[in-house]
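Right, one structure below, let's go through it.
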Amino acid sequence: MNIASVIVDVAVRQTDRPFDYSIPDMWREVIQPGMRVIVPFGPRHVQGFVLSVKEEPESRKLKPIVEPMDIVPVLNEELLMLADWLTKESLCFKISALQVMLPAAMKAKYSKHIRTTGEAPLSPQMQTFLNGREEAPWEEASEAGLLPDVRKGVKDGSLDVIYAVRSKGRKKTVRMVKCVLPEAKLQEVIQSMPKNAIKQKEALQTFCGKEGEWLPLHETGISSAVARAIIQKEYVTEKQEEVYRDPLAGRTFTPDQPLLLTDIQQKAINPILEKIHEAAAQPFLLHGVTGSGKTEIYLQSISEVLAKGKEAIVLVPEISLTPQMTDRFKKRFGSEVAVLHSGLSTGEKYDEWRKISRKEVKVVVGARSAVFAPFENIGLIIIDEEHETSYKQEENPRYHARDVAIRRAQFYSCPVILGSATPSLESYARAQKGVYTLLTLDQRVNDRPLPTVDIIDMREELREGNRSMFSRDLFEKIKDRIEKGEQAVLFLNKRGYSSFIMCRDCGFVPECPNCDVSMTYHRHRHQLKCHYCGHEDTAPDKCPECQSEHIRHFGTGTQKVEEELLKLLPEARIIRMDVDTTGTKGAHERLLKQFGNKEADILLGTQMIAKGLDFPDITLVGVLSADTMLHLPDFRASEKTFQLLTQVSGRAGRHQLPGEVVIQTYTPEHYSIQLAADQHYGAFYEQEMMTRKMGGYPPFYYLALITVSHEEAIVASAEAAKIVANIKPELSPAAVILGPVASPISRINNRYRWQCLIKYKREPKLGETLKHVLEHYAKQGKSNGLMVSVDIHPYVLM
DNA sequence: AATGGTCAGCTG
DNA sequence: AGCTGACCATTC
């Protein structure tokens with residue numbers, strides 16, 4: 001008997017294991033590991049993934065697989081093994097690990113219908129409800145309050161319940177037509193057609209000289225009625241052909257040639273090329289200052305990989321997946337590139353994925369999830385801006401793309417390049433230890449000097465009577481650039497991208513009734529929305545506390561800056577980039593293009609504009625308040641500040657004109673600001689490593705965060721304490737457990753949250769122990785309303 | 001997650 | 001007896 005082990009699409013602990021199904025003889029040759037199948041599960045049908053297929057001599061009582069959903073496996077053996085590893089590492093459900101590797105379009109959709117069987121008479125109520133139909137959606141019957149009648153109907157055999165499983169992914173097809181007549185015969189037929197068949201004659205005329213050619217129907221201009229007629233007369237045949245939705249339709253790329261590498265670049269790329277040729281799994285940390293030509297190294301390494309007939313994956317942070325970036329890959333590798341980013345529709349992502357799966361492309365450029373691209377002969381994985389926190393997924397499975405990349409590279413014996421101007425401390429420490437090979441690009445291409453950086457002490461400005469948000473120095477420089485016709489970029493380093501409202505009289509800030517966070521203000525709909533639970537309210541015009549009408553909108557602050565700037569420099573042309581101006585699709589891109597075309601002198605925005613901005617005439621970068629994120633309750637605050645300031649400074653003077661950077665701050669003495677101004681990564685690393693060592697944080701310790709939530713704060717805190725007590729004896733004395741303490745966001749969706757942080761160096765039993773905790777609460781936690789989640793190597797400690 | 005089974009408690 | 005809602009075991 002042939003048996004398939006299947007993971008079903010039910011993401012709970014209790015079903016988080018394979019279920020065995022018999023394979024019907026007709027599918028015997030078809031069903032393979034890595035395929036999606038529809039299987040009966042309890043009374044319904046669900047999607048499942050085949051993990052393995054085996055043959056057993058004795059037959060046992062198993063339900064049969066209903067049908068396969070794929071013709072070929074969607075996950076190869078390597079990805080199935082990777083899912084295994086991911087499940088263990090992140091303590092997620094197997095089904096989540098499998099699902100995350102596929103485009104969203106391939107997630108199953110379920111629908112439920114009732115249908116008459118015709119084997120027994122319908123009840124009068126059902127007869128009126130169905131009104132002659134054979135089938136009706138379950139919801140419709142439910143809304144009509146007929147569920148008891150449906151039950152009866154199923155019992156007496158007059159009704160069936162149908163569980164349908166559909167894959168959302170629809171291949172887009174076009175109708176193709178071809179004339180089956182030889183050229184001579186075609187003319188004959190046209191002549192012999194009746195006089196009134198004008199359209200049909202016209203239609204057949206289009207096939208003249210196109211003997212044996214398939215034409216897309218929509219391009220021939222033949223209407224579907226006419227097509228039907230000539231197909232029926234068997235002059236023409238038709239077929240459906242799959243087409244890809246093309247996200248880059250209508251854009252052309254002028255191919256470019258590899259640039260000549262500088263000596264420094266050459267020195268950095270050599271070890272990479274060597275490992276590509278050896279086919280050795282070696283991670284590289286490419287530490288290159290901004291403008292040092294990292295991308296060209298990526299491109300030439302990929303060329304080498306393609307020449308060996310292998311494939312390459314390039315990960316970039318979502319925000320820098322701008323056309324500016326992807327165009328460089330398209331130009332060099334043309335149609336061999338697939339691009340995966342959140343701007344694509346579900347269907348477009350599905351199509352790009354299929355191109356990868358069918359090996360029609362050799363290079364993938366994409367955000368985090370592109371690390372799962374279903375290639376089978378990977379020769380190189382690149383992670384650009386490797387320090388970016390967006391590489392860590394914050395929902396299950398909570399994986400870090402860097403870890404997945406290194407894991408896959410091990411399997412394929414290929415190098416990984418982690419590139420950054422400001423590597424994460426974790427990666428740099430690994431490079432210091434020799435786990436990664438460090439490659440350094442310490443010069444900008446063509447020896448363009450790094451911009452000069454001035455730190456302005458805003459306390460000093462205030463003392464001298466300047467109450468504006470621009471220091472005199474920065475203001476003079478902005479004015480100077482406008483006069484010279486050069487461009488400036490101003491950053492407002494705000495902690496969030498969101499805005500809120502506040503009463504100016506009593507200081508009241510609307511908070512979500514379910515969560516302990518302030519509501520986000522959405523200008524276009526004049527609404528307040530909770531970022532955590534989705535609760536919505538209309539924004540008040542009067543303060544609910546003191547009835548004052550002085551309600552102020554605190555945006556990201558960019559609007560206020562713009563107003564003040566226009567007051568001081570009325571002639572300045574400003575482009576503002578924030579949540580309000582980039583809300584619509586493609587707006588981000590359009591604004592950048594305008595700026596690139598020199599339609600404005602000043603680009604003003606939050607950190608969202610820091611990435612990948614590369615225009616020749618930017619000669620001034622101003623950071624209005626460098627320290628806003630320095631004071632966040634996060635042990636990475638200094639690192640993030642340093643990274644951001646360094647990145648931002650790198651936007652200036654990348655081309656012929658030299659650049660200048662002005663950093664305004666209230667804490668000029670802070671090392672992350674000082675050292676960012678000096679562009680001195682090494683010193684920052686040393687200093688920050690000391691603080692991390694003292695605090696017992698990464699990279700000296702690993703972290704695991706346990707969050708417990710319950711409707712009652714007391715229950716949550718007591719249970720968190722219990723968990724700590726249970727875990728402690730399982731760990732070595734070297735492990736440190738902090739807490740339990742209330743989470744920084746102490747309530748979400750009316751549930752109080754308590755957390756404990758485990759710091760450890762080597763705890764082989766930790767994964768197992770935490771899994772037991774999760775299993776324990778899956779069993780009994782449901783009835784008592786407790787929820788427990790675990791994040792291994794967390795980035796967000798809220 | 002969703003379903004069907006079991007059982008206490010209520011109606012009439 | 002017949003029905004409803006709560007709980008809970010089961011899903012190859």
Side-chain angles (χ1 to χ4, degrees), chain A residues 1-25 27-28 31-69 80 87 92-100 104 107-115 123 125 137-143 145-157 159-168 395-397 711 749 774-789:
Chain A
M1 158 183 223
N2 282 272
I3 292 167
S5 274
V6 174
I7 296 289
V8 293
D9 180 20
V10 182
V12 289
R13 203 113 240 146
Q14 290 151 77
T15 56
D16 186 32
R17 61 187 179 83
F19 288 83
D20 284 352
Y21 289 87
S22 64
I23 303 174
D25 284 342
W27 306 121
R28 213 168 210 236
I31 290 188
Q32 292 165 52
M35 271 187 185
R36 295 173 305 153
V37 288
I38 295 172
V39 290
F41 195 63
R44 46 201 178 122
H45 284 177
V46 297
Q47 187 184 69
F49 287 83
V50 178
L51 287 191
S52 60
V53 175
K54 59 196 170 208
E55 207 176 322
E56 282 183 11
E58 276 171 60
S59 79
R60 47 180 164 133
K61 216 170 157 282
L62 294 176
K63 287 189 184 175
I65 285 176
V66 177
E67 58 172 324
M69 295 178 81
L80 287 175
T87 309
C92 68
F93 305 129
K94 191 71 173 269
I95 188 67
S96 319
L98 294 166
Q99 223 114 245
V100 78
K107 218 180 153 194
K109 261 175 93 177
Y110 299 99
S111 64
K112 212 165 138 192
H113 285 258
I114 54 170
R115 186 156 74 192
S123 67
Q125 290 95 320
W138 175 277
E139 285 75 29
E140 211 178 297
S142 166
E143 273 160 35
L146 288 172
L147 287 192
D149 300 81
V150 171
R151 254 172 112 110
K152 269 182 231 146
V154 172
K155 237 179 206 165
D156 68 27
L159 285 176
D160 256 348
V161 182
I162 310 288
Y163 297 91
V165 183
R166 285 202 315 278
S167 188
K168 276 185 276 185
E395 314 99 68
N396 271 324
E711 288 176 10
N749 232 338
L774 289 173
E775 269 160 16
H776 175 75
Y777 286 97
K779 265 194 219 121
Q780 60 118 91
K782 232 183 152 186
S783 48
N784 54 24
L786 274 160
M787 274 184 357
V788 179
S789 73

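Throughout, a chain's letter reflects where its sequence line sits, starting with A, and its residues are numbered from 1.
- One atom, OH of Y110(A), and another, C1' of dA2(B), lie 12 Å apart when rounded to the nearest Å.
- Counting any heavy atom pair closer than 4.0 Å across all strands shown, Y163(A) reaches sugar-phosphate atoms only and no base atom.
- A donor-acceptor distance shorter than 3.5 angstrom exists from the side chain of Y21(A) to the backbone of P40(A), with no hydrogens or angles considered.
- At the heavy-atom level, P18(A) lies nowhere under 4.0 Å from the strands shown.
- The CH2 atom of W138(A) sits 12 Å away from the P atom of dA2(B) (whole-angstrom rounding).
- When distances are taken from the side chain of F19(A) to each of dA1(B), dC12(C), dT3(B), the shortest belongs to dC12(C).
- Residue F41(A) is in base contact, counting any heavy-atom pair closer than 4.0 Å across all strands shown.
- If you check every strand for non-hydrogen atoms under 4.0 Å, R13(A) touches nothing.
- Checked against side-chain contact (heavy atoms from CB on, under 4.5 Å), N396(A) has the following partners two or more places apart in sequence or in another chain: C92(A), R398(A).
- Taking the six-membered ring where tryptophan is involved, the planes of F41(A) and F19(A) are perpendicular, since the angle between them exceeds 60° and thus also 30°.
- Residue M1(A) contributes atom CE, which lies 10 Å from atom C1' of dC12(C) at whole-angstrom precision.
- For D20(A), the side-chain contact (heavy atoms from CB on, under 4.5 Å) criterion is met by I3(A), S5(A), K54(A), R60(A), L62(A), not counting sequence neighbours.
- We find that NZ of K112(A) is positioned 11 Å from C1' of dA1(B), with the value rounded to whole Å.
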N/O to N/O distances under 3.5 Å, protein versus nucleotides 1-5 of chain C:
none

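- The side chain of Q14(A) approaches dA1(B) more closely than any other nucleotide in the set dA1(B), dT3(B), dC12(C).
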Step-by-step side-chain contact (heavy atoms from CB on, under 4.5 Å) determination, I95(A) to D16(A): CA-CA 7 Å; I95(A) 188 67; D16(A) 186 32; 5.6 Å; no
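- Nucleotide dC12(C) holds its P atom 10 Å from the CZ atom of R17(A), rounded to whole Å.
- The nearest whole Å value for the distance from the CZ atom in R44(A) to the P atom in dA1(B) is 10 Å.
- For DNA chain B, none of the residues of residues 48-69 of chain A falls under the heavy-atom distance limit of 4.0 Å.
- Rounded to an integer number of Å, the gap from CG of D16(A) to P of dC12(C) is 16 Å.
- The line from NE2 of H113(A) to CG of L159(A) is 14.0 Å long, rounded to the nearest 0.5 Å.
- To the nearest angstrom, C1' of dC12(C) lies 16 Å from CG of D9(A).
- Under the side-chain contact (heavy atoms from CB on, under 4.5 Å) criterion, V100(A) pairs with L86(A), F372(A), Q393(A), P397(A), Y399(A), not counting sequence neighbours.
- F49(A) has its side chain out of reach of L80(A): every pair of non-hydrogen atoms, C-beta onward, lies at least 4.5 Å apart.
- The salt bridge (Lys or Arg N to Asp or Glu O under 4.0 Å) contacts involving residues 34-43 of chain A comprise R36(A)-D70(A), where partners must be two or more places apart or lie in separate chains.
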